[in-house]
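Read through the structure below, which is laid out as structure tokens, and then see the notes.
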Protein chains: 2
Amino acid sequence: MAKSKFLNSTDAVNAIINEAIPLFAKAGFTGVSMRDIAQAVGISTASLYHHFPDKQTLYLRSIAQAFADKAQGISTVLAKKGTPEQRLTKFIARFTKLMSQDSHFRMLFQRELLDGDETRLRLLAEQVFQPQFVNVAKLAKELIPNGDAHLMVISISGLVLFHLETTPLRQFLQGGRAEHNDPDVIARHVTTLLLKGIKGCG
Amino acid sequence: MAKSKFLNSTDAVNAIINEAIPLFAKAGFTGVSMRDIAQAVGISTASLYHHFPDKQTLYLRSIAQAFADKAQGISTVLAKKGTPEQRLTKFIARFTKLMSQDSHFRMLFQRELLDGDETRLRLLAEQVFQPQFVNVAKLAKELIPNGDAHLMVISISGLVLFHLETTPLRQFLQGGRAEHNDPDVIARHVTTLLLKGIKGCG
DNA sequence: ATCTACCTATCAAACGTTAAATAGACAAAA
DNA sequence: TTTTGTCTATTTAACGTTTGATAGGTAGAT
């Protein structure tokens with residue numbers, strides 16, 4: 001019988017984190033026990049403590065990994081050529097697709113907005129969002145030179161993310177249809193709204 | 001010495017729920033123990049079980065109360081006179097103020113988006129949001145007759161709520177300033193963005 | 001022979017929940 | 001008026017379970 005389930009510690013750590021991320025995303029820090037994680041990985045609870053000193057560290061490593069994965073993805077989202085309007089359109093399409101692809105990052109992000117302390121939120125801001133935030137802010141300045149770029153980037157992100165956040169709720173609200181969960185539909189709606197506004201004069 | 005802390009059961013139930021709401025908002029269902037709630041109210045843990053059969057029921061009654069309080073507030077948010085643009089402006093201003101006034105409703109709402117089952121989300125949609133959702137959807141139809149009113153109402157709500165949701169994070173992102181947390185500043189930004197769009201042709 | 005990854009077994013604390021008892025309120029019976 | 005009995009809000013104490021965490025041992029690789 002095989003004694004070691006993984007060839008080396010790194011593989012075990014990665015396997016644990018990969019199992020922990022969806023669990024923490026779905027139930028939150030207090031909603032997941034070390035036994036839940038151990039069972040998902042297929043090892044004993046005590047083994048977890050061979051690789052991580054405590055639950056908090058395992059959680060922090062898990063969100064750091066989930067955020068690092070996404071930070072890499074976000075860095076390729078902003079197009080470099082075309083008019084500002086074209087680049088905004090492309091950004092929204094890619095950002096919407098990226099965020100809807102796996103819900104775990106988005107749920108962990110939402111949970112951190114609720115539960116994260118200053119240290120964790122600072123990490124999230126600086127390590128994950130900052131690089132592209134700056135680029136999108138520049139794009140916003142091109143589009144509205146006199147506007148507040150910070151507010152603008154938050155609004156653009158919020159438009160996309162709120163549609164995704166409310167997916168489980170919207171089916172119970174008037175006019176909710178399955179196609180509203182399609183990233184392309186969301187991206188097109190958001191882009192049109194931003195570019196033309198309500199007046200539709202664009 | 002007084003035996004009963006409250007004159008009657010109704011007072012006790014209300015006191016318990018009023019203490020439970022902020023606790024659940026801040027830490028979530030699994031993050032709050034019955035002992036935490038009992039201590040906040042100033043009674044014993046066993047007393048909680050005299051008024052509620054179990055923790056789940058106490059939680060459900062708490063969010064139902066928080067949502068009922070807010071549903072009443074929301075029903076007075078939509079103005080009845082003026083041009084569609086004026087009514088939209090007024091709605092955003094009132095909605096932003098209402099949502100920023102106490103964060104507990106907003107946090108419970110966010111948590112339900114993450115953790116709520118079908119039953120709870122249906123309750124939230126039908127009992128809290130539906131009435132005004134319909135009215136704002138009508139307003140959206142007046143503003144954009146050919147647009148998708150459902151998508152539009154979600155976008156308007158999302159623009160406001162995402163600014164509030166990200167309050168603890170935005171201070172770490174480029175250009176974040178304290179005034180961005182002012183409901184009036186948020187409402188003005190959102191209104192301008194919606195009415196004029198990025199092109200600013202309004 | 002040592003080291004590494006894992007196990008079983010266990011700990012103390014915290015958890016949701018319950019049982020049994022008590023002290024006051026209030027109304028009927030004396 | 002006093003006594004009695006019932007009801008309600010509350011208590012202390014404890015139940016069994018689950019939790020995060022640890023101790024000590026074992027099998028296989030180097």
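A note on names: the letters A, B, ... follow the listed sequences, proteins ahead of strands, and every chain is numbered from 1. Just so we're clear, the structure is a prediction, and the values are computed from it rather than from any experiment.
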Round to the nearest Å and state the distance from [X] atom [atom1] to [N] atom [atom2].
| X | N | atom1 | atom2 | result |
| --- | --- | --- | --- | --- |
| B:Ile43 | D:dA9 | CD1 | P | 12 Å |
| A:Ile37 | D:dT18 | CD1 | P | 17 Å |
| A:Phe29 | D:dT19 | CZ | P | 13 Å |
| A:Asp11 | D:dA29 | CG | C1' | 15 Å |

| query | Rounded to the nearest 0.5 Å, what separation is found between the CD atom of A:Gln130 and the CG atom of A:Leu123? | reply | 12.0 Å
| said: Does anything in residues 47-66 of chain A come within less than 4.0 Å of DNA chain C? Heavy atoms only, and list the residues if so. | reply: A:Ser47, A:His50, A:His51
| message | Can you list everything that forms a salt bridge (charged side-chain N to carboxylate O under 4.0 Å, His left out) with A:Asp54? Sequence neighbours excluded, please. | response | none
Could you write out each protein N or O paired with an N or O of nucleotides 9-13 of chain C at a distance under 3.5 Å?
none

| query | For atom CD of B:Glu179, is the number of surrounding heavy atoms from other residues, nucleotides or ligands below 6.0 Å larger than 12? | reply | yes
| request: Take atom CZ of B:Arg120 as the centre, draw a 6.0 Å sphere, and report whether it contains more than 12 heavy atoms from other residues, nucleotides or ligands. | output: yes
| Under a 4.5 Å cut-off applied to non-hydrogen side-chain atoms, are B:Leu114 and A:Leu114 in contact? | yes
| Hey, does A:Arg106 have a side-chain heavy atom less than 4.5 Å from the side chain of A:Glu165? | yes
| said: OP1 or OP2 of D:dT18 versus the side-chain N and O atoms of A:Ser33: is any pair under 4.0 Å? | reply: no
| remark: In terms of heavy-atom contacts, A:Phe133 and B:Gln174 come closest through CE2-O, 3.3 Å
| With a 4.0 Å cut-off on heavy atoms, is B:Val32 in touch with a base, just the backbone sugar-phosphate, or nothing at all? | sugar-phosphate
| Donor-acceptor contact present, side-chain B:Thr57 to main-chain B:Pro53, <3.5 Å | no
